[in-house]
Each structure stands twice: as structure tokens, then as C-alpha cells.
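One structure is given below, encoded as C-alpha cells.
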Amino acid sequence: MPEKNASHDVNNALPKVAILLCTYHGQHYLAEQLDSFQAQSHSNWAVWASDDGSEDDTRAILNVYRPIEIIRQYIEQQQTPH
């Protein structure tokens, strides 16, 4: 389980970095990506994640990180037939 980054402060003097993460069936890489964002020395950032209708564990992984404020916004979309 990831831990909340104590140095993650939106009032920080560092420039704000917005990370836009789009995923579809991303379960194999998603936790590693989010852990990597959290491990950075730059602490003034936020993740906006968009899941394009994944049918794997992508949603569950994103939900693990939401309560610890790693993910600021989560958008879940349904796959539409082409």
C-alpha cells in the first residue's frame, strides 16, 4: 500500500506540475508509474487519470491511490463500439 507523501504540499514554492495519465488495460504498469511519481523530489504535483473502459484491474489500482491524494481527479469512460 502506498504512503501519503508528507512533502506533497500544494502551497509549495516549486512550480506546479500536472501529470495527465491516460490508461487502457494498464494494470501491469500503473502502480509502478504512480509509485515513480510519488518518489520524485519535486513535490508540487498532481495526477489526473483517465481510464478508457479498462476491463482489467486498472480501476482497482487507481482506487488504491485516490485516498492518499496521489490522484486528484479520476475520469472513467465507457468503451464505445467503433
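Worth knowing before you read on, the calculation uses all heavy atoms, side chains too, and leaves out hydrogens, waters and symmetry mates. Note that the coordinates shown come from a computational prediction; the quantities given were computed from them, not determined experimentally.
Taking the side-chain hydrogen bond (donor to acceptor under 3.5 Å, both in side chains) definition, one finds that Asp56 meets it with Thr58, sequence neighbours left out.
Looking at Asp57, its side chain never comes within 3.5 Å of a backbone N or O of Ala60 through a donor-acceptor pair.
For the atom pair CD (Glu55) and OH (Tyr24), the distance works out to 5.5 Å, reported to the nearest 0.5 Å. Summarising the geometry, atom CD1 belonging to Ile61 is positioned 12.0 Å from atom CZ belonging to Arg59; distances are rounded to the nearest 0.5 Å.
For the pair Ile19/Trp45, a side-chain contact is recorded, criterion being any heavy-atom separation below 4.5 Å from C-beta on. Between Leu62 and Leu34, some side-chain heavy-atom pair lies under the 4.5 Å cut-off. Tyr65 places a side-chain heavy atom less than 4.5 Å from the side chain of Asp35. Taking the side chain as every heavy atom from C-beta outward, Glu32 and Leu30 never approach each other to under 4.5 Å.
Between Ser54 and His25, the shortest heavy-atom distance links the atoms OG-N, 2.6 Å.
By the rule that hydrophobic residues join a cluster once side-chain heavy atoms approach within less than 4.5 Å of another member, Tyr29 and Val47 end up as members of separate clusters.
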Go through the steps to decide whether Val64 and Arg66 satisfy the test side-chain contact (heavy atoms from CB on, under 4.5 Å), and finish with yes or no.
-> CA-CA 6 Å; Val64 167; Arg66 289 183 73 193; over 6 Å; no

